[in-house]
Amino acid sequence: MSLKIQQPETPWQRLTARLPESGNWNQEEGLLLPEVDQQKAIIVQMQQQVQLSNLLNEINNEIRSTLDIEQILTSACRLLGQALHCSRASILVKESNAEKTLVTRGEYNAGDYPIQLGMKVPITDNPHLAAVVSQQESLALTKFLDFPGLNAQTRKIAEVLEIKSMLAVATRYQGEVNGIIGLHQCDREREWTDWERQLLEGVASQLAIAINQAKLYSKTCRQAERESLLRLIGNQIRSTLDLGTILQTAVREVRQLLQCDRVIIYQFQDNWQGTVVVEDMTVPWPSILGDMGADKCFRGNYADLYQQGRVKAINDIFQAGLEPCHVDFLDSLQVKANLIVPIVTSQNEDHSLSTDINSPVKFPGKLWGLLIAHECHDTRNWQRQEMELLSQLADQMAIAIQQAELYSQVREAAVKSQAQTQQLQAALQELRSTQQQLIQSEKMSGLGQMVAGIAHEINNANNFIHANLFHAQEYFKVLNEALELCGNACPEAAEALVKINEELELDYVRDDFGKMLNSMREGSGRIRSIVMTLRNFSRLDRAEFQAVDLHEGLESSLLMLQHKLKSNIKIEKQYGNLPRVKCHPGQINQVFYNLMDNALDAIDSADKPGELTIRSWLSEPDWVTISVRDTGSGIPAQIQDKIFDPFFTTKPVGKGTGLGLSVCYQVIVQAHGGRIRCVSQVGEGTELIVELPLTNRKN
């Protein structure tokens with residue numbers, strides 16, 4: 001079982017359904033034939049008036065329900081097409097009074113005929129449209145292709161649209177044509193009746209008002225959108241200094257507002273060439289972001305004109321009188337029409353829009369780039385308000401660009417100033433550090449020289465004593481032997497010697513003198529050992545890098561600190577089996593001295609018995625490690641990273657310069673390519689660990 005869908009009745013069908021059959025007029029009414037014809041004509045006329053009235057009412061209802069011109073025109077086309085049973089009904093609209101091209105904005109299609117909606121049709125090249133526009137009444141063509149003057153392009157369009165017959169009338173508002181209503185018969189040739197022409201003309205007057213109202217509404221909306229866009233860009237300029245965001249927003253909103261295919265911003269570089277820095281487009285048109293190729297026709301005089309404020313509107317690149325190379329360039333970008341507005345920065349004067357290239361408005365400024373709208377799918381007649389909008393936006397962009405460039409300059413100046421300040425601070429810090437290190441080095445050098453001088457003088461005197469001790473012992477033996485010989489040879493002398501021995505305790509002197517000489521020899525040897533230790537500390541005799549025994553340096557440094565070794569401090573030594581290390585002995589001894597000095601101060605400040613532990617071991621195949629650990633108060637974790645900084649100290653004012661560990665860091669890390677680190681915990685003490693390569697890596 002199949003369902004039959006009932007189509008809605010047209011006004012014509014509703015009226016004719018109430019009329020009697022044509023063959024029953026005489027029988028039912030009893031009228032003569034002339035009277036019957038007259039009655040039939042009156043009724044038909046009434047039917048037509050009712051149909052026109054109903055059609056206009058429905059169109060008026062559509063007009064009152066919406067201001068959307070596409071919806072109004074589409075509904076009107078549908079009502080007309082259904083009422084007059086034609087293949088296609090379309091309404092073409094002029095975008096402005098000066099426009100010479102019509103755009104199909106509404107359409108009704110009764111079958112699978114080609115779509116005309118959106119098609120642009122020029123008036124000047126189509127004599128049938130020119131005839132419709134030039135006369136008040138409608139134009140009825142039974143054989144459309146026989147209309148005189150049709151050119152080949154118009155005939156081709158008619159064949160594509162399958163037009164066989166046409167009925168058209170212009171819509172006029174206050175005497176100005178603002179559109180054309182066209183009815184097409186595509187399946188056959190059709191004779192258009194006077195009534196059909198009258199009906200179309202009646203609808204045209206009503207639609208003329210609707211078209212005008214919708215265009216006014218559309219114009220108001222576009223003006224509001226333009227103002228909204230200008231406010232949006234202005235607000236963005238005030239709220240952000242991100243130039244990319246501002247420009248991207250501008251091109252996106254412009255393309256949507258103008259309903260064009262592509263909007264770009266072209267920034268000039270050298271020789272008036274440049275790149276597309278921002279773009280917004282719609283498919284299927286290709287992106288030209290970046291290098292879109294060089295326009296070899298663009299010369300310096302064009303740049304001068306744009307710099308002076310020229311706005312270039314090209315409605316059709318093939319009909320605008322452009323140079324062939326420029327046409328080829330635009331055609332390669334698939335551009336059929338474009339609108340170009342200059343972006344001029346550093347403007348000091350207001351300027352008005354100028355489209356006359358022969359009398360541009362002069363004003364100062366730098367031509368930064370161009371704001372360009374592309375129409376790719378067809379030609380386009382650019383409107384004055386569109387040019388004004390892009391010109392205003394270009395001015396806004398120029399402000400944004402200037403602000404961004406100024407902000408960038410300020411940032412660069414700030415960065416440079418900050419860098420210079422940091423460099424000066426670093427130089428000052430390095431100068432102070434170097435100065436203090438020189439002072440410290442001079443102190444250590446002076447100490448070394450003083451120690452070396454004292455050691456030298458002590459060693460000279462000690463050498464004299466040490467050398468004569470052997471002779472004194474020999475002389476003592478000779479004297480003893482002489483006394484024994486005298487006692488044995490002469491009895492009187494023996495008695496005298498006994499008496500002297502009793503009075504002067506000569507036996508005790510003879511016994512103790514030998515012990516005294518041995519003690520003096522041991523003391524002299526001790527002095528020689530101390531002198532050697534002092535010479536090892538100063539190392540003035542070995543100023544270059546040499547392979548040395550680090551344990552000797554540890555011992556000599558500890559000896560120099562004997563005055564700080566109190567009875568409550570225990571010294572623990574855990575020396576490993578170390579090979580000789582190539583280093584600067586004097587600098588390394590200075591490091592050992594500073595580490596032990598700090599450790600002894602830390603133990604002393606803890607005010608309790610403590611222990612100083614010195615360890616050494618071979619940590620890696622090519623590295624040795626020296627550890628100096630104390631049982632002092634420890635270093636807080638938050639300042640452990642600062643202890644190697646110059647002038648940083650935890651000691652009270654006047655008790656330290658803050659250079660000891662800084663010098664250690666420079667000697668170990670910078671001079672010897674080693675490592676130094678701190679391991680400490682508050683309340684448990686501090687351990688400074690020095691790691692040195694066996695072969696110096698900085699030498």
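- Of all heavy-atom pairs spanning Leu183 and Cys86, the tightest one is CD2-SG, 4.0 Å.
- In this structure, Ile181 CD1 and Leu73 CG are separated by 8.5 Å, a value rounded to the nearest 0.5 Å.
- Interatomic distance, Cys260 SG to Glu386 CD, rounded to the nearest 0.5 Å: 8.5 Å.
- Residue Arg172 comes nearest to Val132 through the heavy atom pair NH2-O, 4.2 Å, listed as atom of the first residue, atom of the second, then distance.
- Between the side chain of Asn126 and the backbone N or O of Leu129 there is no donor-acceptor pair closer than 3.5 Å.
- Put simply, the side chain of Arg197 gets close to the backbone of Ser138: a donor and an acceptor are under 3.5 Å apart.
- Shown here for Gly149 and Pro127, the closest heavy-atom pair between the two residues is O-CG, 3.3 Å.
- With Glu159 contributing its side chain and Lys156 its backbone, the two residues share no donor-acceptor pair below 3.5 Å.
- A salt bridge is defined here as a Lys NZ or Arg NE, NH1 or NH2 lying under 4.0 Å from an Asp or Glu carboxylate O, and Glu107 with Arg88 meets this definition.
- At a cut-off of 3.5 Å, with distance as the only test, no side-chain donor of Thr142 or Glu189 sits close to an acceptor on the other residue.
- The main-chain N or O of Leu150 is never found under 3.5 Å from a side-chain atom of Thr154 such that the two would form a donor-acceptor pair.
- Residue Ala76 comes nearest to Ile91 through the heavy atom pair CB-CD1, 4.1 Å, listed as atom of the first residue, atom of the second, then distance.
- Ring geometry for His326 against Phe329 counts as parallel: the plane angle stays under 30°, on a 0 to 90° scale with 60° as the upper cut.
- A donor-acceptor pair shorter than 3.5 Å cannot be found between the side chains of Asn178 and Glu176.
- In this structure, CD in Gln402 is found 10.0 Å from NZ in Lys366, a value given to the nearest 0.5 Å.
- Few gaps surround CD on Glu405; more than 12 heavy atoms of other groups in view lie less than 6.0 Å from it.
- Under 4.0 Å is where a charged nitrogen must lie from a carboxylate oxygen, and between Glu191 and Lys143 no such pair does.
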> For Thr245 and Thr249, what are the C-alpha separation, side-chain angles and deciding distance, and is it a side chain to side chain contact (heavy atoms under 4.5 Å, CB included)?
Replying inline: CA-CA 6 Å; Thr245 300; Thr249 301; 4.2 Å; yes

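- For CZ of Arg411, the number of neighbouring non-hydrogen atoms (other residues, nucleotides, ligands) closer than 6.0 Å is 12 at most.
- Trp382 places a side-chain N or O within 3.5 Å of a backbone atom of Asn338 that can act as its donor or acceptor partner.
- Contact of the Thr275 side chain with the Gln269 side chain is registered, since non-hydrogen atoms from C-beta on lie closer than 4.5 Å.
- At a threshold of 4.5 Å between non-hydrogen side-chain atoms, the residues Ile180 and Leu102 count as touching.
- Although no hydrogens or angles enter the test, the distance criterion places no donor-acceptor pair under 3.5 Å between the side chain of Thr345 and the main chain of Ala398.
- For the pair Arg262 (side chain) and Asp280 (backbone), a donor-acceptor distance under 3.5 Å is absent.
- Leu339 is not listed as a side-chain neighbour of Ile314, based on a closest heavy-atom distance of 4.5 Å or more.
- The shortest heavy-atom contact between Ser87 and Asp187 is OG-OD1, 3.6 Å.
- Here Thr74 contributes atom OG1 and Arg78 contributes atom CZ; the two are 9.5 Å apart, rounded to the nearest 0.5 Å.
- The CZ atom of Phe318 lies 7.0 Å from the NZ atom of Lys336; values are rounded to the nearest 0.5 Å.
- Using modelled atom types, one finds no donor on one side chain facing an acceptor on the other under 3.5 Å when comparing Thr379 with Asn315.
- The CD1 atom of Ile163 sits 6.0 Å away from the CD atom of Gln116 when rounded to the nearest 0.5 Å.
- When ring centroids are compared, His128 and Phe144 come within the 6.0 Å threshold.
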> Given the rule in the side chain to side chain contact (heavy atoms under 4.5 Å, CB included) test, do Val341 and Leu370 qualify, once you have shown the distances and angles that lead to the verdict?
Replying inline: CA-CA 6 Å; Val341 176; Leu370 302 173; over 6 Å; no

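- Taking 4.5 Å as the limit, some side-chain heavy atom of Leu330 sits within range of a side-chain heavy atom of Leu322.
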>> Working note: Arg188 + Ser165, criterion side chain to side chain contact (heavy atoms under 4.5 Å, CB included); need CA distance, chi angles, decisive distance, verdict.
In response: CA-CA 8 Å; Arg188 57 186 171 83; Ser165 300; over 6 Å; no

>> Quick one, Leu200 with Glu196, criterion side chain to side chain contact (heavy atoms under 4.5 Å, CB included). Give me CA distance, side-chain angles, the key distance, then yes/no.
In response: CA-CA 6 Å; Leu200 188 63; Glu196 291 169 340; over 6 Å; no

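- Of the possible donor and acceptor atoms, none in the side chain of Gln319 sits under 3.5 Å from a partner among the backbone N and O of Asp316.
- Distance alone, capped at 3.5 Å, is enough to place a donor-acceptor pair between the Asp261 side chain and the His377 backbone.
- With hydrogens and angles left out, the side-chain atoms of Glu279 and Ser287 include a donor and acceptor closer than 3.5 Å.
- Although no hydrogens or angles enter the test, the distance criterion places no donor-acceptor pair under 3.5 Å between the side chain of Gln185 and the main chain of Lys164.
- Residue Leu367 comes nearest to Pro342 through the heavy atom pair CD1-CB, 3.9 Å, listed as atom of the first residue, atom of the second, then distance.
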